[in-house]
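Take a look at the structure set out below.
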Protein chains: 2
Amino acid sequence: MDEETDGIQQNKPAARDLDAIDRKILGVLVDDATISYAELGDRVGLSPPAAHERVKRLRRSGAIRGTVALVDPKAVRKPLLAFVHVDTRGWGKTPELMAISEHPEVEEIHSVAGDSCMLLKVRTEDTRALEGLLARLYETPGVVSTRSYVVLSTYLERPVQPGNTKEWPTPRHMTKPLY
Amino acid sequence: MDEETDGIQQNKPAARDLDAIDRKILGVLVDDATISYAELGDRVGLSPPAAHERVKRLRRSGAIRGTVALVDPKAVRKPLLAFVHVDTRGWGKTPELMAISEHPEVEEIHSVAGDSCMLLKVRTEDTRALEGLLARLYETPGVVSTRSYVVLSTYLERPVQPGNTKEWPTPRHMTKPLY
DNA sequence: CCTGAAAAGTTGCGCTG
DNA sequence: CAGCGCAACTTTTCAGG
């Protein structure tokens with residue numbers, strides 16, 4: 001089925017390409033998924049059943065991973081956002097690290113290239129809760145050290161946008177690469 | 001009439017506290033907002049109209065910031081995720097930096113404490129597009145340097161979770177702070 | 001906040017391009 | 001094959017208790 005023990009990023013969610021209408025639909029639904037299929041059809045130039053059929057296809061193909069409510073972090077008492085870089089000893093210890101997914105405060109876990117091994121996005125009620133999370137991290141076998149970046153202000157935060165930048169003016173000092 | 005009895009009604013994200021049912025509703029909708037109010041009511045122990053009234057209130061209060069479709073990055077040709085730390089000269093130049101919000105590839109912009117000033121989350125089609133974005137960053141007045149962390153694998157990525165960790169076992173070596 | 005009924009939206013089906 | 005119109009069904013939404 002669609003549940004994999006592997007990372008989210010490396011599989012095969014989307015088989016074939018999306019056409020212009022599909023992209024337009026995604027552009028609308030990424031912004032507001034509460035509209036009726038009648039209105040969605042209007043906005044993309046389709047009848048309600050046709051629009052619905054498209055959306056069902058996008059869901060089945062995995063292009064739409066889900067339709068969810070976005071909640072205000074402050075409303076659920078999580079005003080403190082931080083990015084935590086985690087240095088680990090060896091690579092096989094990631095399963096142990098994954099245990100912290102159980103904490104609802106942890107929103108993202110990535111392995112990254114660069115001088116850190118793992119990068120976490122965590123949202124807590126206060127610095128004390130963040131400290132508790134870091135303490136749990138240090139308990140995890142393989143965790144060597146962490147560096148935390150506490151967010152002071154968030155200027156932009158939005159889900160994956162379907163749009164691609166259509167040929168932004170390339171800086172003059174950038175030469176064309178070979179590949 | 002609704003809640004017009006109070007003088008102020010407009011601009012506060014989360015005015016009063018959420019009760020247990022509100023939190024349960026958020027917990028359901030954060031996972032799947034496509035269910036009917038009948039089923040939502042069932043899951044939280046409310047009639048369909050009552051559940052709907054709660055959700056409307058959560059929307060008005062700002063606790064629910066929106067209901068959106070989450071799209072698979074690979075389906076929209078953005079398989080490359082990176083976090084970019086940006087060092088800036090001075091603080092007043094942030095408005096200039098905000099211009100890059102125009103790029104759909106930029107998903108988050110935060111100012112952070114630590115050795116970086118700004119932190120961006122960007123999702124591009126390939127390394128070339130990331131390079132173009134970095135080039136634009138360096139064009140921005142005030143930008144001194146950047147460090148990029150390219151994501152190799154994403155193990156967890158989810159929206160804000162309403163749940164709080166209820167008294168996770170505190171590590172033994174952690175002593176209680178004064179405040 | 002609940003029960004019930006009117007209004008609106010969804011979705012299956014046969015048909016058309 | 002994808003989309004459209006129509007009609008049955010479900011859901012949303014507005015009453016009154």
Side-chain angles (χ1 to χ4, degrees), chain A residues 1-2 12-72 75-76 162-163, chain B residues 1-6 9-10 14-72 74-77 159 162:
Chain A
M1 304 306 185
D2 46 64
K12 41 147 187 97
R16 79 183 144 298
D17 273 6
L18 279 44
D19 65 9
I21 296 184
D22 286 328
R23 268 186 286 270
K24 221 190 263 187
I25 288 176
L26 290 180
V28 172
L29 294 186
V30 155
D31 197 62
D32 183 7
T34 66
I35 64 175
S36 68
Y37 287 110
E39 179 160 350
L40 177 60
D42 265 358
R43 293 206 206 167
V44 304
L46 246 53
S47 71
H52 181 238
E53 199 55 48
R54 291 274 192 153
V55 172
K56 274 199 298 186
R57 228 188 49 197
L58 289 170
R59 278 190 215 283
R60 278 198 312 269
S61 75
I64 295 180
R65 292 194 336 190
T67 301
V68 303
L70 301 181
V71 320
D72 177 22
V76 291
Chain B
M1 311 295 177
D2 292 320
E3 42 176 355
E4 291 278 345
T5 54
D6 204 301
Q9 61 154 355
Q10 276 268 5
R16 75 185 145 297
D17 272 6
L18 279 43
D19 65 9
I21 295 184
D22 286 328
R23 267 187 286 272
K24 222 190 262 188
I25 289 176
L26 290 180
V28 172
L29 294 185
V30 155
D31 198 60
D32 183 6
T34 65
I35 64 174
S36 68
Y37 289 111
E39 180 161 349
L40 177 60
D42 265 358
R43 292 206 207 167
V44 304
L46 248 51
S47 71
H52 181 243
E53 200 55 48
R54 292 274 192 150
V55 172
K56 276 199 297 186
R57 224 189 50 194
L58 290 169
R59 278 188 215 282
R60 279 199 311 268
S61 75
I64 295 181
R65 292 194 335 189
T67 301
V68 304
L70 301 180
V71 320
D72 176 24
K74 283 207 299 309
V76 292
R77 291 282 165 67

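Hydrogens, waters and symmetry mates are skipped; everything else that's a heavy atom, side chains included, is used. Here the structure is a predicted model, which is why all the values come from computation and not from measurement.
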B:Pro49 has a side chain; which of D:dT13, C:dT10, D:dC4 sits nearest to it?
D:dT13

When you get a sec, tell me which of D:dT13, C:dT11, D:dG3 is the closest nucleotide to the side chain of A:Ser47?
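Looking only at heavy atoms from C-beta outward on A:Ser47, the closest nucleotide is D:dG3.
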
Does A:Lys56 have a side-chain nitrogen or oxygen under 4.0 Å from the phosphate oxygens OP1 or OP2 of C:dG12?
yes

Give a yes/no answer on whether the side chain of B:His52 brings an N or O atom under 4.0 Å of OP1 or OP2 in D:dT13.
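For D:dT13, OP1/OP2 do have a side-chain N/O of B:His52 under 4.0 Å.
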
Using a 4.0 Å heavy-atom cut-off, does A:Ser36 contact any base of the nucleic acid, only the sugar-phosphate backbone, or nothing at all?
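Counting heavy atoms under 4.0 Å across all strands, the contact made by A:Ser36 is with sugar-phosphate only.
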
Rounded to the nearest 0.5 Å, what separation is found between the CG atom of B:Leu58 and the CG atom of B:Leu29?
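Rounded to the nearest 0.5 Å, the CG-CG separation comes out at 8.0 Å.
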
First locate atom NZ of B:Lys24, then atom CG of B:Asp19, and finally report the distance between them rounded to the nearest 0.5 Å.
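If we round to the nearest 0.5 Å, B:Lys24:NZ and B:Asp19:CG are 10.5 Å apart.
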
Rounded to whole Å, how long is the line connecting atom [atom1] of [X] with atom [atom2] of [N]?
{"X": "B:Ile21", "N": "C:dC1", "atom1": "CD1", "atom2": "P", "value": "6 Å"}
{"X": "B:Tyr37", "N": "C:dT10", "atom1": "OH", "atom2": "P", "value": "12 Å"}
{"X": "A:Asp42", "N": "D:dG3", "atom1": "CG", "atom2": "C1'", "value": "15 Å"}
{"X": "A:Leu40", "N": "D:dG3", "atom1": "CG", "atom2": "P", "value": "12 Å"}
{"X": "A:Glu53", "N": "D:dA2", "atom1": "CD", "atom2": "P", "value": "9 Å"}
{"X": "A:Asp19", "N": "D:dC1", "atom1": "CG", "atom2": "P", "value": "16 Å"}
{"X": "B:Leu46", "N": "D:dT12", "atom1": "CG", "atom2": "P", "value": "14 Å"}

Step by step, would you call B:Arg43 with B:Glu39 a salt bridge (charged side-chain N to carboxylate O under 4.0 Å, His left out)?
CA-CA 6 Å; B:Arg43 292 206 207 167; B:Glu39 180 161 349; 2.7 Å; yes

Quick one: closest heavy-atom pair of A:Gly62 and B:Asp72, and the distance?
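What the structure gives for the nearest pair is O-CB, 3.3 Å.
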
